[in-house]
Amino acid sequence: MDYNFRSVEKKWQGFWAEQQTFKAETGGGKPKYYVLDMFPYPSGSGLHVGHPLGYIASDILSRFKRLKGFNVLHPMGYDAFGLPAEQYAIQTGQHPAVTTESNIRTFRRQLDHIGLSFDWSREVRTSDPGFYKWTQWIFIRFFHSWYNRKTDKAEAIESLISEFERNGNANVNAASGETHVFTAEEWKGFSEQEKEAMLQHYRLAYLADAYVNWCPQLGTVLANDEVQDGLSVRGGYPVERKLMRQWFMRITAYAERLLRDLDDIDWPEAIKEMQRNWIGRSEGAMVRFELETGPSDEPALIEVFTTRPDTIFGCTFLVLAPEHELVNRMTTDGQREEVAAYVKLAKNRSERDRMADVKTVSGAFTGSYALHPFTGEKIPVWIADYVLAGYGTGAVMAVPAGDERDFRFARHFKLPVPAIAKDVDISEEAYAGKDAIMINSGFLDGLPMYQAIGRAVEEIEKKGIGKGKIQYRLRDAAFSRQRYWGEPFPVYYKNGIPHTLDESALPLLLPEVDKYLPTESGEPPLARAKDWQTAENDPLETNTMPGWAGSSWYYLRYMDARNDQEFASREAVDYWEQVDLYLGGPEHATGHLLYVRFWTKFLFDLGRIPVHEPAKKLINQGMIQGRSSFVYRIKGTNTFVSYGLKDQYDTTAIHVDINIVQNDVLDTERFRVVNPDYANAEFILEDGSYHCGHEVEKMSKSRFNVVNPDDIIEQYGADTLRMYEMFLGPLEQSKPWNTNGIEGVFKFLRKFWKLFHDDELRFRVSDEKPAPEELKALHKLIRKVEEDIDRFSFNTSVSNFMICVNELTAANCHKRAILHDLVIVLASYAPHICEELWEMLGNEPGSLSHASYPVFNEAFLKEDSFEYPISVNGKVRIKINFPLDMPSEQLEQEVLGTETLQRYFEGKTPKKVIVVKGRIVNVVV
RNA sequence: GCCCGGAUGGUGGAACUGGUAGACACGCAGGACUUAAAAUCCUGUUCGCCUAAAAGCGAGUGCGGGUUCGAUUCCCGCUCCGGGCACCA
């Protein structure tokens, strides 16, 4: 029988589904192993060719681990809430759930055709009420928690309230917003509203007015990681800053732990570095500057944050962000007009414009002066948009001698630039280093700057004008979206105070609405729902949660996906603990991958799960780019010239559908048929064929370079697709998709099939004893594959399968003992063909998935003689064959006495013989 | 500007801690089988010199230096490409 991949693959995919071969049970004697792929958003265009790359790699690992005796959890699901389905709903009126459902069906069909060993009984969808019930439940826990810095973990809000009742907040050390100090008596005197307003400063999920990234076209707020270059990541629409009342997640409470724990997880250094930068820890000091004369008497201080308190004597002016709350009160009458004009200008400038011209210096003088805390000198207070309202205190002490931006600003507005570093030229630029010796700096004079930093903080604290502080760039995460297709908040309002629903009321189902747009008054779509209120007529929250809510904990749900009493049972979370290998694209570095760590730590603090990191090891599969093909039309004609000859003509490059190009050669007939405009096209060929040019670009329909996995499977089968995707190159490397080499893999599988068949393609294996070279070929492979799996070097494994099969073919080996083991080793990569041959070998059908993996035996690799490569002076190489069991001294003599080698000595004796692992590698003459 | 990652034949890529560079595959060239094609199989394929051929010789892992008996691998200085961050005080 010939290798018929179509029937073989259909048979086994059906078998696995029917038998639930890959269903994982919680518990049992085997060690557990949890392999997780980042779940996809089920977009309308189905799986793109980058998706299977990661899924295949994780599937190979899962199957390998199963064969190695692990209890493997390998689930899949869908990140099903999201913008495209909603936008489609706005255009067509079709409910996003309907679109999503049909997209999921397409995804599932595509995934099934690849032969992936998912446990579908644990499938999750974030938009499923059975799932988002628990997203809402977790939100309620966030709402009822605060972060205690003394215990360094989240605690129930009740412990905070009882502390308030006993002692007020004087002794509380919490991750919180700006609060004033109050006593227990004052707390008891607060109204209900006042109490709640105060608690909002402590809750881990809280409401606040804040500047947010507002995208008018999308009609919603976006998180920082959803904005790039002032445009929305999705859609590319402009984003502006807007003050809005929003739900926030107090992720900043976890900044230090999110940073510190990066050291303990086996994640790519690039991802960790991105998270470190995103968290942006900087050590420095808060310093208070007194104002010379308050225009009104109230604000007598400006607080700044600096990482270089050592340079404080070089501070010649202060700069506030234009949005700083003191700007208005600071401005003198004489400067009012200028300042107002500047504030207006800064406000109207979008983030994008602001970033576009970093070099342009702008600002305005407020007219007020502050006093230098050490010298008492008068220093002017300016405003400028190079100071950001959202970082630190929104105010800086400007040290033109030590900071490039301050330097430019001082130059532009002709402010003094006093030197603070010895022997450093600051006529052209600031000196931002830390190695110079301080001058003109009072008590710091003579110290090197890196020492002066600590000394300055000491003095600042002693004087009571400030204190050392660690500042983070990370900001609390905006958690409200003005959208329909997301999780409703389990929140209602009574007298303007937010309350969470009782857990028994969960899930709070997403209501039906007539349209998926905001209301005429600008309220989110949920405001359109009838009776969007509690039984007591209290209004429900109309915002929904952002896309990352569900994905921040979904990996836990897989552990016990059908539980309707808890998000996952204690037994399940204790057994599966955390993901052993997490695989996905690097684009989630500062979004999902940070949030999922955050939620994990929170649930750990509450004692709900036993681990504080979601995934032990993370691998990023590289992006798959497109490989576009081009034809070259001679300008003004309908004649196309082959790539190698195009420079002889004046041509235009035109994208051509890669489906009619093979190995860069164009199918000219189909080209004429497919493009009616070119029906009469002429071709100038080289070597009798038309060669196309190519370029690596993003994969897109308009570039005619999209490759659909279904098409590959149709033509070559899933096993070939699986192996070819791995063969393409290192998993973590980005690379263009190129179908050119797929024939090689396909040929390999046919050769493999033939090992089990005779020349007439009848199944035939012999029970002969394997020959030493056959065992050697097999065991070389067994060792290699295990090493490669450890290093996630799947591409070299594919090569090694080819080598092994080539050697067995050359040895005309059809022996059962060899083939039995070979089938098991290859089964992770090409499971369908292996299941089929496994059955043909007389094994229980389907038992391959849990067969026992062959044990590597070094003895089979032993050789009796060895071909020595020896270099002379590190250059010339000679190969000499010697028996392996020769004692090393005799060997050395023999080798040096060899005639071939003697020729290089020209009668001289070798000066030095280099021996590595008992073998001569180099001789110096 | 700052921080990561990379550069190896015509192409994708091998080479674990310094020890036979180019495994494996594609492509290409030649050959076998065939009426023919497909499929399959065999041979060759880093470049240059030399040779009828074999053998032989020389160069070679982006560029320039260095360490070493020996460097794709380690160190220093560049060039180019990819990714991330970017007025964060």
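Letters A, B, ... are given to chains in the order of the sequence lines, protein chains preceding strands, and every chain is numbered from 1. Please read these numbers as outputs of a predicted model, since none were measured by experiment. Scope of the values below: all heavy atoms of this structure, side chains included, with no hydrogens, waters or symmetry mates.
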key: Any donor-acceptor N/O pair under 3.5 Å between B/C26 base and A/Asn740 side chain   = no
task = Please tell me which of the listed nucleotides, B/C24, B/C88, B/A89, lies nearest to the side chain of A/Val396?
result = B/A89
query = If you check every side-chain atom of A/Asp385, which of B/C87, B/A14, B/C85 has the closest atom?
reply = B/C87
request  = Decide if atom CD of A/Glu269 counts as having more than 12 heavy atoms of other residues, nucleotides or ligands within a radius under 6.0 Å.
outcome  = yes
ask   = Between B/C3, B/A89, B/G19, which one does the side chain of A/Glu273 approach most closely?
value = B/C3
request  = Assign A/Ser734 to base, sugar-phosphate, or nothing according to its heavy-atom contacts below 4.0 angstrom with the strands shown.
outcome  = nothing
query = When we call it a touch if two heavy atoms are under 4.0 Å apart, what does A/Phe748 touch: a base, just sugar-phosphate, or nothing?
reply = nothing
query = Counting side-chain heavy atoms from CB outward, which of B/A86, B/C87, B/G13 is closest to A/Gln733?
reply = B/G13
task = Sticking with atom C1', work out how far B/A21 lies from B/U79, rounded to a whole angstrom.
result = 24 Å
inquiry  = Looking at B/A86, I'd like to know if its phosphate oxygens (OP1 or OP2) sit under 4.0 Å from a side-chain N or O belonging to A/Arg473.
reply    = yes
ask   = Which listed nucleotide (B/C4, B/C88, B/G19) is nearest to the side chain of A/Leu388?
value = B/C88
inquiry  = Using a heavy-atom cut-off of 4.0 Å across all strands, would you classify A/Glu743 as base, sugar-phosphate, or nothing?
reply    = nothing
inquiry  = With a 3.5 Å distance limit and no angle check, can you tell me whether A/Asn795 reaches the backbone of A/Leu728 through a side-chain donor-acceptor pair?
reply    = no
query = When rounded to the nearest Å, what value does the distance between C1' atoms of B/C47 and B/A38 take?
reply = 36 Å
query = From the list B/C24, B/G19, B/C26, which nucleotide is the closest neighbour of the side chain of A/Met802?
reply = B/C24
remark   = Assert: residue with more 5' nearest nucleotide on RNA chain B, out of A/Glu269 and A/Arg791, is A/Glu269
C1' atoms of B/U8 and B/A14, separation to the nearest Å = 10 Å
ask   = For A/Lys751, which contact category applies under a 4.0 Å heavy-atom criterion: base, sugar-phosphate, or nothing?
value = sugar-phosphate
query = Roughly, in whole Å, what's the span from CE in A/Met723 to P in B/C24?
reply = 16 Å
inquiry  = Whether the side chain of A/Asp403 engages the backbone of A/Val399 through a donor-acceptor N/O pair (distance < 3.5 Å, no angle test) should be reported.
reply    = no
query = Given B/A89, is OP1 or OP2 found less than 4.0 Å from the side-chain N or O atoms of A/Tyr391?
reply = yes
request  = Could you tell me the separation between the CE atom of A/Met286 and the CD atom of A/Glu303, rounded to the nearest 0.5 Å?
outcome  = 4.5 Å
key: Pairwise P distance, B/C33 and B/C24 [rounded to whole Å]   = 27 Å
ask   = With side chains defined as the heavy atoms from C-beta onward, is the minimum distance between A/Tyr724 and A/Asp719 less than 4.5 Å?
value = no
query = Hey, does A/Asn795 reach any base, or is it just sugar-phosphate, or nothing, if we go heavy atoms under 4.0 Å?
reply = sugar-phosphate
inquiry  = As a test of the definition: with a 90° window around 0 for syn, would you call B/G18 syn or anti?
reply    = anti
inquiry  = Just N and O in the side chain of A/Ser799: are any of them under 4.0 Å from OP1 or OP2 of B/G13?
reply    = no
ask   = Once you round it to whole Å, what is the distance between C1' of B/C87 and CD of A/Glu429?
value = 17 Å
request  = Decide if the gap between the ring center of A/Phe413 and the ring center of A/Phe317 is smaller than 6.0 angstrom.
outcome  = no
remark   = Closest of B/U40, B/C88, B/A89 to the A/Arg750 side chain is B/U40
remark   = Nearest-nucleotide check on RNA chain B, A/Glu787 vs A/Val745; residue mapping nearer the 5' end is A/Glu787
request  = Sticking with atom C1', work out how far B/A29 lies from B/G9, rounded to a whole angstrom.
outcome  = 16 Å
request  = Go through B/C87, B/G13, B/C24 for me and flag the one nearest to the A/Lys735 side chain.
outcome  = B/G13
Closest nucleotide among B/A89, B/C4, B/G13 to the A/Pro730 side chain = B/G13
Interatomic distance at P, B/A71 relative to B/G62, whole Å = 15 Å
ask   = Using a 3.5 Å cut-off on both pairing distances, which stems of three or more Watson-Crick or G-U pairs include RNA chain B?
value = B:1-7 with B:79-85, B:10-12 with B:24-26, B:27-32 with B:40-45, B:46-49 with B:56-59, B:62-66 with B:74-78
message = What's the gap between B/G60 and B/G22 when it is taken at their C1' atoms, as a whole Å value?
response = 11 Å
ask   = Is there a side-chain contact between A/Asp435 and A/Met449, using heavy atoms and a 4.5 Å cut-off?
value = no
request  = Check every strand shown and say whether A/Ile803 touches a base, only sugar-phosphate, or nothing at a heavy-atom separation below 4.0 Å.
outcome  = sugar-phosphate
message = Using atom C1' in both nucleotides, what's the gap between B/G19 and B/C74 to the nearest angstrom?
response = 14 Å
message = Between A/Tyr829 and A/Phe801, does the ring pair (Phe, Tyr, Trp, His ring centres under 6.0 Å) criterion hold? Intermediate values first, please.
response = CA-CA 10 Å; A/Tyr829 285 76; A/Phe801 283 119; 5.0 Å; yes
query = Where the side chain of A/His588 meets the backbone of A/Gly584, is there a donor-acceptor pair that is under 3.5 Å apart?
reply = no
ask   = How far apart are the C-alpha atoms of A/Tyr716 and A/Leu749, what are their side-chain angles, what is the distance that settles it, and do they pass the side chain to side chain contact (heavy atoms under 4.5 Å, CB included) test?
value = CA-CA 10 Å; A/Tyr716 297 101; A/Leu749 285 174; over 6 Å; no
ask   = How long is the line joining CG of A/Asn620 and P of B/G84, in whole Å?
value = 12 Å
request  = Check whether any side-chain N or O of A/Lys747 sits under 4.0 Å from OP1 or OP2 of B/C26, and answer yes or no.
outcome  = yes
query = A/Phe407 has an atom CZ; how far is it from atom P of B/G1, in whole Å?
reply = 18 Å
task = For A/Asn806, answer base if it contacts any base atom (sugar-phosphate contacts may also be present), sugar-phosphate if it contacts only those atoms, and nothing otherwise; contact means non-hydrogen atoms under 4.0 Å.
result = sugar-phosphate
